[in-house]
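Worksheet for the structure shown next.
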Amino acid sequence: MNYEMIILRLLHIVFGAFWAGSAIFFALILQPRLAKLGPAIQGPVMAALVPVMSKALIGSAVITIAAGITLALRLRWGNLDAFYNTGWGIAIMIGFVAAIGAISAGITLTILAHRMVALGKAIQGRAPTPEEGAEMQRLSTRLPRLGRSVAFMVIFAIGAMASARFV
């Protein structure tokens with residue numbers, strides 16, 4: 001029994017499931033509901049969640065991608081052309097590109113979410129300046145779109161990699 005492959009698969013699957021499930025839940029369920037409840041509720045909830053969720057999601061993404069790269073290389077080390085001339089390899093590469101897009105967008109999302117939380121704390125108890133109000137509005141529009149993009153890319157990556165075995 002190859003324990004290394006078992007551990008790599010477990011890391012890839014468990015952390016990938018956490019990353020994907022959390023990103024989908026956050027972008028498609030939690031954030032839209034909080035937005036409907038308004039800034040008085042959304043602000044404190046997001047301020048509490050962003051520091052924890054950003055670390056958990058980025059960390060899970062890094063573990064998922066690192067374990068996936070290691071798995072793919074271990075499976076095809078003697079035949080690296082398989083990544084370019086087989087259906088399996090092309091599906092894996094498409095999934096990898098989608099995962100890299102998802103983590104890149106996730107890092108951007110994290111930076112912007114931290115900026116929004118800091119801005120919210122800075123204007124707490126007073127009216128925002130026109131510039132602060134404009135920045136809050138810009139971030140309020142951009143963050144949900146970015147979150148949905150991350151969720152879509154993660155779903156796409158999972159679909160591509162899950163289908164690799166069958167193409």
Side-chain angles (χ1 to χ4, degrees), residues 1-35 42 45-118 138-167:
M1 188 175 300
N2 189 339
Y3 292 109
E4 177 190 22
M5 292 301 280
I6 292 169
I7 290 168
L8 285 170
R9 285 175 196 252
L10 283 171
L11 288 171
H12 187 65
I13 291 167
V14 170
F15 283 94
F18 177 80
W19 177 28
S22 296
I24 293 164
F25 170 76
F26 206 78
L28 303 181
I29 296 172
L30 182 63
Q31 193 284 323
R33 299 301 161 247
L34 288 174
Q42 183 181 20
V45 171
M46 293 303 275
L49 289 178
V50 164
V52 175
M53 290 299 294
S54 59
K55 290 175 188 164
L57 288 172
I58 299 298
S60 292
V62 168
I63 292 169
T64 301
I65 292 169
I69 290 169
T70 306
L71 270 170
L73 290 175
R74 293 273 196 278
L75 287 169
R76 298 293 194 254
W77 188 251
N79 183 20
L80 293 180
D81 310 4
F83 289 106
Y84 304 104
N85 64 14
T86 66
W88 176 88
I90 292 168
I92 292 296
M93 292 303 291
I94 289 169
F96 172 72
V97 169
I100 294 301
I103 193 172
S104 299
I107 290 168
T108 301
L109 176 67
T110 296
I111 292 166
L112 295 176
H114 281 281
R115 185 180 303 160
M116 186 170 191
V117 167
R138 188 181 70 76
L139 291 170
S140 294
T141 302
R142 189 166 178 208
L143 287 171
R145 281 187 290 189
L146 205 48
R148 287 189 301 272
S149 297
V150 171
F152 173 77
M153 285 185 270
V154 168
I155 291 168
F156 188 80
I158 291 169
M161 292 185 192
S163 68
R165 179 178 203 163
F166 306 104
V167 293

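Annotation: F96, atom CZ; neighbour count of heavy atoms from other residues, nucleotides and ligands within 6.0 Å does not exceed 12.
Looking only at side-chain heavy atoms (C-beta outward), Y84 and I90 stay at 4.5 Å or farther from each other. Using a 4.5 Å heavy-atom threshold, the side chains of T110 and K55 count as separate. Looking at heavy atoms from C-beta onward, F26 lies in side-chain contact with L49 at the 4.5 angstrom threshold. Side chains of T108 and R142 form a contact here, defined as non-hydrogen atoms less than 4.5 Å apart. Between W19 and I65 the shortest side-chain heavy-atom distance falls below 4.5 Å. A heavy-atom distance below 4.5 Å is not found between the side chains of M46 and M116.
Here the straight-line distance linking atom OG of S163 with atom CD1 of I92 works out to 8.0 Å at 0.5 Å rounding. The distance from the CD1 atom of I63 to the CG atom of L8 is 12.0 Å, given to the nearest 0.5 Å. The structure places CD1 of I69 at 12.0 Å from CZ of R74, a figure rounded to the nearest 0.5 Å. Distance check: L71 CG to I7 CD1 gives 11.5 Å after rounding to the nearest 0.5 Å. M5 contributes atom CE, which lies 11.5 Å from atom CG of L10 (distance to the nearest 0.5 angstrom).
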(request) Determine, step by step, whether F15 and V62 satisfy the side chain to side chain contact (heavy atoms under 4.5 Å, CB included) criterion, reporting the C-alpha distance in whole Å, the side-chain angles of both residues, the deciding distance to 0.1 Å, and the verdict. (result) CA-CA 9 Å; F15 283 94; V62 168; over 6 Å; no
